[in-house]
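Structure first, commentary second.
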Amino acid sequence: MTEHDTDIDFDFFEDEPPTQESSRTEGLIPRRGPRGPQRPPRAPTNLTPLLRLVGLIAFAILVVVLLVFWIQSCEASSKEKTYKNYMSKVSEVAGSSQQIGKQLNQVLLAQGQKEAQLEQKISGLARQEQLDVQRARQITPPGTLRDEHNALIQALEYRVSGLNGLASALAATAQSKDTTRAGALLSAQMQRLLASDVVYQDSFKAPSAEQLNRQGVTGTNASGGPLVPDSNFLQSADLVTPTAMVTVLSRIRGATKTSPSTGGLRGTNIESVKVLPAGTELSTSTQTKVVPSTNMTFQVMVKNSGDSQESSIPVTLRIVQSQGGTITKRARIDFISPGETKPVTVGGDFSAITFAAPATVKVEVQPVQGETNTSNNSADYPVIFSTG
């Protein structure tokens, strides 16, 4: 082996041209050169129409939402107006009917009239009440109050029926000397009038108020009165009893044309006064310590010391304080029979009471027509209010 055989020639590594892969790699490497000022990236020009479209859609959605709210507001306003207009019309009918009930109370307790006169007056009231039924039928209720409106008409019809029945019972018993039986017949007709108040309250007023509350209708009716009106036909449930009707008949049958004020002795008097709920009885002769409470009321016991039934008697209670002024409260006796003693509750806000200072509780029961002895219609009770 010669020296030339042992020498290895590496020239092929130096002279071999670069491979194709190496050439591609070099092409991918960015060449660095001198840097100039960089320009801000520009948004792709094809996004501008899309953004405009999104804006138009958002604006359209806003318009639709506002339109929906406006429609709902108009519907709510229209619904409230419908309910309030309906209750305003009902209020006129209910008020008229209640006034007829007050007239009946006056007619039954009036002095110096004959049975035939009473029958004629009650028949006239029945005709007036029938007009209220017709007026109620002409009112169109909102759809949610159809059942309640039917109950309203039913209550008014009970009143017509009761008045007609009362007039018929007076005619049927005119010649009867059995006042007990006659009183029972009259009482049965009065029960219909009492039932009319129950139907009005339980089947019209209460459910109507609940329905209006569900509908979000509040405040007063279109005429400015109570949203759902009252209509109390009977001024006193005491007048429904057979005993009360016997007394009515006895007074009427004792009346004569020549003596229009016949009715015997007439008058009321104060029996006692208590402070509730403590039950402290006041005295006219000695000062009584009274511990007021948040629910304090005064109970005035009034007796009908005459021979006639009496109604609508005002009762006034005044707390005259040596410091702090006078507090005045009022109540009323709806109906009281001869010889009956009835409690009258006088309450209200007594927060203006002055403690530890002498005061006088003055109670007055207004004299009835024809009452001659009024000395026992008022009384003064010295008191001092204490915290304990």
Side-chain angles (χ1 to χ4, degrees), residues 90-110 113-139 147-174 176 178-206 208 229-253 309-312 334-337:
V90 169
S91 181
E92 293 178 3
V93 175
S96 172
S97 182
Q98 180 168 281
Q99 186 60 36
I100 292 172
K102 291 181 179 179
Q103 292 177 36
L104 174 66
N105 188 79
Q106 295 170 359
V107 165
L108 290 174
L109 300 178
Q113 62 181 341
K114 300 295 289 184
E115 208 160 346
Q117 295 173 324
L118 179 60
E119 177 193 343
Q120 184 179 10
K121 291 178 181 178
I122 293 176
S123 295
L125 295 177
R127 289 191 293 271
Q128 293 180 42
E129 189 64 30
Q130 183 61 48
L131 293 177
D132 286 334
V133 174
Q134 294 174 6
R135 292 170 61 193
R137 291 186 183 279
Q138 294 171 357
I139 300 174
D147 291 342
E148 289 79 3
H149 188 73
N150 289 334
L152 166 66
I153 294 174
Q154 184 182 39
L156 298 176
E157 288 177 336
Y158 269 132
R159 293 173 181 180
V160 174
S161 176
L163 290 169
N164 283 326
L166 197 58
S168 298
L170 283 169
T173 59
S176 174
D178 188 349
T179 56
T180 300
R181 178 178 175 275
L185 290 175
L186 295 175
S187 175
Q189 302 307 317
M190 294 291 289
Q191 291 288 344
R192 295 190 182 190
L193 302 177
L194 180 62
S196 77
D197 285 348
V198 175
V199 171
Y200 186 92
Q201 175 64 37
D202 294 354
S203 299
F204 173 74
K205 183 180 178 181
S208 292
D230 285 319
S231 186
N232 301 309
F233 195 81
L234 279 181
Q235 302 305 296
S236 174
D238 293 341
L239 202 55
V240 175
T241 64
T243 302
M245 287 293 99
V246 167
T247 307
V248 169
L249 283 175
S250 299
R251 186 185 68 253
I252 292 172
R253 292 179 178 181
Q309 294 165 318
E310 307 293 352
S311 66
S312 300
D334 291 326
F335 175 84
I336 186 169
S337 297

Looking only at atom types and distance, does a side-chain atom of [X] sit under 3.5 Å from a main-chain N or O of [Y], one as donor and one as acceptor?
X: S231; Y: G95; answer: no
X: T173; Y: S176; answer: no
X: S250; Y: V246; answer: yes

Using a 4.5 Å cut-off on heavy atoms from C-beta on, say whether the side chain of [Y] contacts that of [X].
X: L239; Y: M245; answer: yes
X: N164; Y: Q130; answer: no
X: L108; Y: F335; answer: no
X: V248; Y: L186; answer: no

Q: List the steps and the verdict of side-chain contact (heavy atoms from CB on, under 4.5 Å) for Q113 and V107.
A: CA-CA 9 Å; Q113 62 181 341; V107 165; 4.3 Å; yes
Quiz: residues 96-104 side-chain donor-acceptor pairs under 3.5 angstrom, not counting sequence neighbours:
from: S96; atom 1: OG; to: D132; atom 2: OD1; distance (Å): 3.1
from: S96; atom 1: OG; to: D132; atom 2: OD2; distance (Å): 3.1
from: S97; atom 1: OG; to: E129; atom 2: OE1; distance (Å): 3.2
from: S97; atom 1: OG; to: E129; atom 2: OE2; distance (Å): 2.8
from: S97; atom 1: OG; to: R159; atom 2: NH1; distance (Å): 2.6
from: Q98; atom 1: OE1; to: N232; atom 2: N; distance (Å): 2.7

Practice problem: Step by step, work out the side-chain contact (heavy atoms from CB on, under 4.5 Å) result for M190 and L234. | Solution: CA-CA 9 Å; M190 294 291 289; L234 279 181; 3.7 Å; yes
Could you tell me whether Q154 atom CD has more than 12 heavy atoms of other residues or ligands within 6.0 Å of it?
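Yes.
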- Query: What residue pairs, at least two apart or across chains, pass salt bridge (charged side-chain N to carboxylate O under 4.0 Å, His left out) with a residue in residues 235-245?
  - Reply: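 Checked against salt bridge (charged side-chain N to carboxylate O under 4.0 Å, His left out) - neighbours excluded - the pairs reaching residues 235-245 are D238-K342.
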*asked:* Could you walk me through whether Y200 and L152 satisfy the side-chain contact (heavy atoms from CB on, under 4.5 Å) test, starting with their C-alpha distance in whole Å, then the side-chain angles of each, then the deciding distance to 0.1 Å, before giving a yes or no?
replied: CA-CA 6 Å; Y200 186 92; L152 166 66; 3.6 Å; yes
